[in-house]
Amino acid sequence: MAWTKYQLLLAGLMLTTGSINTLSAKWADLFTARGCRDDPEHQFSHPFVQAVGMFLGEFSCLAVFYILLCYDRRRPEPKMNPGQSFNPLLFFPPAMCDMTATSIMYVALNMTSASSFQMLRGAVIIFTGLLSVAFLGRRLLVSQWIGILVTILGLIVVGLADFINGHKDDTHKLSDVITGDLLIIMAQIIVSVQMVLEEKFVYKHDVHPLRAVGTEGLFGFCVLTLLLIPMFFIHVGGISSNPRGVLEDALDAFCQIGHRPLILLALLGNTVSIAFFNFAGISVTKEISATTRMVLDSLRTLVIWVVSLALGWETFHGLEVLGFIILLVGTALYNGLHRPLLARIPQCAGLMEAEEQSGPEERERLLADNGVQANDES
């Protein structure tokens, strides 16, 4: 069945805004500017300020939800389901997981390349699958276990590529690259916990996806904005890249933006893109399928890598290509993208039917867990 123009628009919007989201965050990290004092120019290294901007973008989804709801109610026959009433505090625990994981990932993005950042985020399916078995009583299919093992292999290859590149890269020290990669993996564990919490306590309520994203964005924005105050006074020494050596210096960030206005453009690109990316992702799932959303998310990794190479932000490495392909295969196996192909082979058709009958609801739910999560940051 051919896609409609509207579906093509949604797919293009998701792919474009998703790529812009990571690229704009990395672009901001590459700027240098003077701060508030007479300090020399230094790198714009303010991951927590960037995370606040991302949550502001998610929070804007709540405004979009109410705008669409008001517009729908003006119709003679409203079609939009606003969902049932719910306690907003249900979203607080997953929002805190989101806030923690996002902040860690922005710290990691300062240390490694944009393409590795995006590829290593594929580790989320490993921890989501394992946690869903442990805490939700799920039963993974054989193809999903194989997908997890293939993904682990892909992560090892990408990590090895970063290790080799780290010896040749003048932008990042080898120790920073390794630390950044490990932080990204650690953040995916927290993201997986977020998904399990949403599945166990939130998804049983009929909540509109835009409203869910916006509510989590509201909590994340408010809490992290307040945390910027104590972070301004917490000295962490050499761990921090700002002149004062504190956990986060928001004033320094604003001064740097004042001296180099292009930083603001990069931050706005991150904020606006995450809002459109969430909207487009939810719409793609609704109008096309969750599988299509996963495919587009994989293509986003390719776009980010190609653009980073074109801009000279990183150098080409064959191992990274191999790692990307292996991760792509692992993601495809986990999400059942191999099934339509194997079903065409007579020798495999019976096996596919047996697997489908063994747990179709499990496969669809796990696919939705990984593809229709409330947010995708960064």
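- Residues satisfying the side chain to side chain donor-acceptor pair (under 3.5 Å) criterion with Ser273, sequence neighbours excluded, are Asn21.
- Among pairs with a residue in residues 76-131, none fulfils disulfide bond (SG atoms under 2.5 Å apart), at least two apart in sequence or across chains.
- With sequence neighbours excluded, no residue satisfies side chain to side chain donor-acceptor pair (under 3.5 Å) with Gln50.
- Every salt bridge (Lys or Arg N to Asp or Glu O under 4.0 Å) that Arg260 has, sequence neighbours left out, goes to Glu41.
- Considering only residues two or more places apart in sequence or on other chains, Gln256 meets the side chain to side chain donor-acceptor pair (under 3.5 Å) condition with His42, His46.
- Evaluation of the disulfide bond (SG atoms under 2.5 Å apart) test over residues 110-149, restricted to residues two or more places apart or in two chains, returns none.
- Every salt bridge (Lys or Arg N to Asp or Glu O under 4.0 Å) that Arg244 has, sequence neighbours left out, goes to Asp249.
- Annotation: salt bridge (charged side-chain N to carboxylate O under 4.0 Å, His left out) contacts involving residues 313-334, sequence neighbours excluded, are absent.
- For residues 45-86, the set of pairs meeting the disulfide bond (SG atoms under 2.5 Å apart) definition, not counting sequence neighbours, is empty.
- Considering only residues two or more places apart in sequence or on other chains, Ser192 meets the side chain to side chain donor-acceptor pair (under 3.5 Å) condition with Thr128.
- Here Phe232 pairs with nothing under the ring-ring contact (aromatic ring centres under 6.0 Å, His included) rule; sequence neighbours left out.
- Pairs passing the disulfide bond (SG atoms under 2.5 Å apart) check and including a residue from residues 218-262, sequence neighbours excluded, read Cys36-Cys255.
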